[in-house]
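Report on the following structure.
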Amino acid sequence: MLKAIADVFRAIGGAIATVVTLPFRAIARLFGGASDTAHGHH
């Protein structure tokens, strides 16, 4: 019983982690490109 609940929480945690990190990764890439171009101009 407990193991099943733990598996469910682990699956939910993994899904949440994926959903949460994806936008941050995209934002990091955006800011990375923005900072690169900014440094290029200065």
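Worth knowing before you read on, the calculation uses all heavy atoms, side chains too, and leaves out hydrogens, waters and symmetry mates.
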For this session: Provide the full list of side-chain hydrogen bond (donor to acceptor under 3.5 Å, both in side chains) pairs with a residue in residues 8-20, sequence neighbours left out, each pair given once.
Result: Asp7-Arg10

Exercise. Taking a hydrophobic cluster as the set of Ile, Leu, Val, Met, Phe, Trp and Tyr residues connected by side-chain heavy atoms closer than 4.5 Å, whether directly or through intermediates, do Ile27 and Val19 fall within one such cluster?
Worked result: no

For this session: Could you state whether Leu22 and Leu30 fall into the same hydrophobic cluster, counting links through intermediate Ile, Leu, Val, Met, Phe, Trp or Tyr residues with side-chain heavy atoms under 4.5 angstrom apart?
Result: no

